[in-house]
Number of protein chains: 2
Amino acid sequence: MSAELWLTQLHENGYRVTAARRAVVETVEKSTRAVTPLEVYDLGRKKYRALGLVTVYRTLEKLEELHLIQRVHQPMGCQAFISMGQGHQHLLLCQNCGQAAFFEGDDLNPLINSIARKTGYQINEHWLQLFGLCANCR
Amino acid sequence: MSAELWLTQLHENGYRVTAARRAVVETVEKSTRAVTPLEVYDLGRKKYRALGLVTVYRTLEKLEELHLIQRVHQPMGCQAFISMGQGHQHLLLCQNCGQAAFFEGDDLNPLINSIARKTGYQINEHWLQLFGLCANCR
DNA sequence: TCGATATTGAAAATCATTATCATTAAGTAT
DNA sequence: ATACTTAATGATAATGATTTTCAATATCGA
Ligand SMILES: [Mn+2]
Ligand SMILES: [Mn+2]
Ligand SMILES: [Zn+2]
Ligand SMILES: [Zn+2]
């Protein structure tokens, strides 16, 4: 559904909407877990047979640049992407099946202020990620 | 200082203490920022001329396995290591010079419990990392 | 001191990612 | 709807980081 929005974003930013990009966008947008370029390639080829792996890399690059997707870091590797959540959200990942859930409501300000005072750092950003087992896998 | 402890750890776990490993250990242990294998190689060769890059990779692998070092994930790349903090600590990294500071005292339990309830996940682990500018760079 | 074998570094092999380039096709202007 | 400019594509080659192989060496317990 929102795949169309992504394609609109691409178009509005001067990029052309092609069959290859459709396949990539639809694949990544609908996934509820982080997908690697190779996974996107395999899944995307079911939608568009001629899709090339190189184009997957290039399209993911553009989607990341437009903040439509984000890179997901995990113990097993950091070359996976998932759609960007709405607003200030973080990820909760299933260690067994990879299922991702977004959450919000973390309030790190007290901690951040305290650390800033103690260390003298100016703190600009934070990464927070939770790992566990989803309802199905636990 | 604590480099000797690391070497002891290696020895106690059945690994031999060699000149190459000394060079790697002393380099990584004293660094206050995350270092890549290539950086360890360059710095380590000043201590032990014959050091090979392959040995750096192999030694880092063992140090990580013994929980003496940890991998550091950053926007620019995830192939860097820094000594493991004492107890439950997280990293605060300078976006300019890479200077790392450890901090503790984060209490995510209320958040984690709340998220667990809402999502049905069993949460086992969390990653938290702060980014900013150190006192020198700000 | 000796000897079994873990470790080493050079070189070759892998593997993921990136660059080239001739061909195709998106999208605007006609 | 057609033509045209040029972004985009995918096959292929190149790159670069990490791993594997392997013969030579060095560690460390006996
Ligand atoms: Mn947050
Ligand atoms: Mn914590
Ligand atoms: Zn799961
Ligand atoms: Zn700094």
Q) With distance as the sole test, does B:Glu29 use its side chain to make a donor-acceptor pair with the main-chain N or O of B:Glu26 at under 3.5 Å? A) no

Q.
Using a heavy-atom cut-off of 4.0 Å across all strands, would you classify A:Leu38 as base, sugar-phosphate, or nothing?
A. nothing

Q. Does the base of D:dG29 carry an N or O that pairs as donor and acceptor with the side chain of B:Arg16 under 3.5 Å?
A. no

Q) Below 6.0 angstrom between ring centroids: does that apply to B:His90 and A:His126? A) no

Q) Atom CG of A:Leu60 to atom P of C:dT18: distance rounded to whole Å? A) 11 Å

Q: Identify whether any heavy atom of A:Ala19 sits under 4.0 Å from a base atom; if not, whether one sits that close to sugar-phosphate; answer base, sugar-phosphate or nothing.
A: nothing

(Q) By the 4.0 Å heavy-atom rule, please label A:Arg21 as base, sugar-phosphate, or nothing. (A) sugar-phosphate

Q: Could you tell me whether A:Tyr48 contacts a base, only the sugar-phosphate backbone, or nothing, with contacts defined as non-hydrogen atoms closer than 4.0 Å?
A: sugar-phosphate

Q: Nearest-nucleotide wise, let me know which of B:Tyr15 and B:Tyr57 is further upstream toward the 5' end of DNA chain D.
A: B:Tyr57

Q: Would you mind reading off the distance between A:Met76 atom CE and C:dA16 atom P, rounded to a whole angstrom?
A: 12 Å

Q) Rounded to whole angstrom units, what separation is found between the CZ atom of B:Arg58 and the P atom of D:dT21? A) 12 Å

Q. Once you round it to whole Å, what is the distance between C1' of C:dG27 and CG of A:Leu7?
A. 15 Å

Q: Ignoring backbone atoms, test whether A:His11 places a side-chain nitrogen or oxygen under 4.0 Å from the OP1 or OP2 oxygen of C:dT28.
A: yes

Q) Do the side-chain N or O atoms of A:Thr18 get closer than 4.0 angstrom to the phosphate oxygens (OP1, OP2) of D:dA7? A) no

Q. Rounded to the Å, how far apart are B:Glu61 CD and C:dT8 P?
A. 12 Å

Q: Please report, rounded to the nearest Å, how far the C1' atom of D:dG29 is from the CD atom of B:Glu12.
A: 16 Å

(Q) Taking 4.0 Å as the cut-off, does a side-chain nitrogen or oxygen of B:Gln79 come that near to OP1 or OP2 on D:dA17? (A) no

Q) For the pair made of CG in A:Leu53 and P in C:dA19, what is the distance, rounded to whole Å? A) 14 Å

Q) Quick one: does NZ or CZ of B:Lys118 land under 6.0 Å from the six-membered ring centre of A:Phe103, within 45 degrees of the ring axis? A) no

Q. Quick one: are B:His73 and B:Gln79 in side-chain contact, heavy atoms under 4.5 Å?
A. no

Q.
Counting C-beta onward and ignoring hydrogens, is there a side-chain heavy-atom pair between B:Tyr41 and B:Leu38 closer than 4.5 Å?
A. yes

Q: For B:Tyr41 and C:dG9, give me the distance from atom OH to atom C1', rounded to whole Å.
A: 9 Å

